[in-house]
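Nothing fancy with the numbering, it's 1 onward along the sequence.
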Amino acid sequence: MKFVIASALMLLAPAFALAQTTAQPAAKSDTKAAAKPAAKPTAKTAAKPADGKTAAKAPAKSHATAKAEPTSSRTQLKSATNQVAAGIIAAEAALSPAELAIAERVHVGRMPCELGAFVTVTADPATPGHFHVEGKGFKYYMSPVATTTGTVRLEDAKGGAVWLQIANKSMLMNQRAGQRLADECMSPEQVVVAEAIKKNPPVSVLDPLPAAK
């Protein structure tokens with residue numbers, strides 16, 4: 001009897017094994033099918049905080065705009081300050097009618113001086129009455145100064161230089177150093193006057209008066 005039951009069990013064992021193998025893929029298929037729908041709601045749920053991030057960025061932009069406003073105010077203040085400074089400089093550079101009249105008498109151009117030197121005097125087109133006076137080793141920015149003798153005088157207050165112009169010559173001096181930078185400088189007009197003086201020298205107050213006839 002035991003032999004018969006054992007034989008029956010041996011015959012039924014393959015059938016049970018086949019049934020279990022068939023059941024496992026079905027269970028796996030069911031598990032995957034159940035997992036997929038669950039994953040989609042999870043993804044949607046995770047996507048929702050993104051809207052919160054977007055909402056959080058909006059206040060940041062507003063904050064950036066608020067920062068830009070003080071910067072704009074500082075820029076406007078700086079621009080206004082520069083304009084005021086430019087106005088002060090322009091007011092200081094403005095000349096009186098008497099000084100402008102002196103500027104009209106200044107000889108301009110490249111002038112030969114003694115010892116082979118040259119001085120170039122150029123009017124500043126941007127600032128009426130002001131001149132650039134330059135040569136080898138120096139460059140000055142000058143404006144006219146009134147004198148009691150009628151001599152044309154240009155000064156560079158910052159550089160400490162003076163340009164003196166009389167009828168027959170001009171000279172450049174550095175007052176701070178007590179040095180004469182150029183002498184016997186002559187424009188074409190001054191050359192004519194110098195030649196006339198040589199031909200007809202003026203009478204000196206030290207010369208004796210001619211004898212009476």
Side-chain angles (χ1 to χ4, degrees), residues 74-213:
R74 284 195 295 270
T75 302
Q76 293 176 356
L77 180 61
K78 186 176 181 181
S79 176
T81 303
N82 291 338
Q83 290 177 0
V84 171
I88 293 173
I89 293 172
E92 290 178 349
L95 301 177
S96 66
E99 291 169 335
L100 289 173
I102 295 171
E104 292 178 357
R105 296 164 51 199
V106 175
H107 297 163
V108 296
R110 189 170 186 263
M111 306 175 202
C113 308
E114 67 176 2
L115 304 176
F118 287 89
V119 172
T120 302
V121 180
T122 308
D124 183 0
T127 312
H130 292 72
F131 300 86
H132 297 281
V133 179
E134 54 190 311
K136 186 177 180 180
F138 59 85
K139 184 176 182 179
Y140 299 106
Y141 187 65
M142 298 187 164
S143 58
V145 177
T147 64
T148 56
T149 61
T151 301
V152 173
R153 181 186 179 100
L154 301 178
E155 288 187 5
D156 182 340
K158 293 181 179 179
V162 178
W163 175 255
L164 297 174
Q165 173 189 306
I166 58 177
N168 61 327
K169 66 177 182 178
S170 299
M171 69 176 180
L172 179 65
M173 294 184 63
N174 186 329
Q175 286 187 322
R176 289 182 181 176
Q179 180 183 5
R180 188 174 296 184
L181 302 177
D183 198 2
E184 300 289 336
C185 304
M186 296 184 189
S187 67
E189 296 90 335
Q190 289 172 314
V191 170
V192 173
V193 175
E195 291 296 329
I197 291 175
K198 286 181 181 179
K199 294 177 181 179
N200 299 296
V203 177
S204 173
V205 293
L206 300 178
D207 291 340
L209 295 173
K213 294 182 180 180

Novice: Which atom names give the shortest non-hydrogen contact between A103 and G129, and what distance separates them?
Specialist: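 Minimum heavy-atom separation between A103 and G129: CB-CA, 3.7 Å.
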Novice: Please check: side-chain N/O of D156 versus main-chain N/O of Y141, any donor-acceptor pairing under 3.5 Å?
Specialist: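 Such a contact is found between D156 side chain and Y141 backbone.
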Novice: Could you tell me whether the side chain of Y140 reaches within less than 4.5 Å of the side chain of L172, counting heavy atoms only?
Specialist: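 They are in side-chain contact.
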Novice: To the nearest 0.5 Å, what is the distance between CD on E134 and CE on M142?
Specialist: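 If we round to the nearest 0.5 Å, E134:CD and M142:CE are 11.0 Å apart.
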Novice: Closest approach of M111 and C185, non-hydrogen atoms and distance?
Specialist: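 Heavy-atom minimum between the residues: CB-CB, 4.5 Å.
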Novice: Taking H107's backbone N and O only, do any of them form a donor-acceptor pair with E189's side chain (distance below 3.5 Å, no angle check)?
Specialist: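 Absent.
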Novice: For the residue pair V119 and C113, what are the closest heavy atoms and their distance?
Specialist: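 Minimum heavy-atom contact is CG2-SG, 3.8 Å.
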Novice: To the nearest 0.5 Å, tell me how far I166 CD1 sits from T149 OG1.
Specialist: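 The CD1 atom of I166 sits 9.5 Å away from the OG1 atom of T149.
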Novice: Hey, does the side chain of Q190 reach the backbone of K169 with a donor-acceptor pair shorter than 3.5 angstrom?
Specialist: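 Pair found, side chain donor or acceptor close to backbone of K169.
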Novice: Working note: F138 + N174, criterion side-chain contact (heavy atoms from CB on, under 4.5 Å); need CA distance, chi angles, decisive distance, verdict.
Specialist: CA-CA 10 Å; F138 59 85; N174 186 329; over 6 Å; no
Novice: For the atom pair OG (S143) and CD (E155), what is the distance rounded to the nearest 0.5 Å?
Specialist: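 Answer for the OG-CD pair, S143 versus E155, is 7.5 Å.
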Novice: How many angstroms lie between CE in M171 and CH2 in W163, if you round to the nearest 0.5 Å?
Specialist: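 These two atoms lie 10.0 Å from each other.
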Novice: Is the backbone of R105 close enough, under 3.5 Å, to the side chain of Q165 for a donor and an acceptor to pair up by distance?
Specialist: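 Yes, the answer is positive, given that a donor and an acceptor are paired below the 3.5 Å cut-off.
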Novice: Of all the heavy-atom pairs spanning P202 and I197, show the shortest one and how long it is.
Specialist: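 Closest approach of P202 to I197: CD-CG2, 3.8 Å.
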Novice: Would L95 and H130 count as a side-chain contact (heavy atoms from CB on, under 4.5 Å) here? Give the steps.
Specialist: CA-CA 9 Å; L95 301 177; H130 292 72; 3.9 Å; yes
Novice: Can you name the closest pair of heavy atoms from V193 and A167 and give their distance?
Specialist: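 Heavy atoms only, the tightest pair is CB-O, 3.7 Å.
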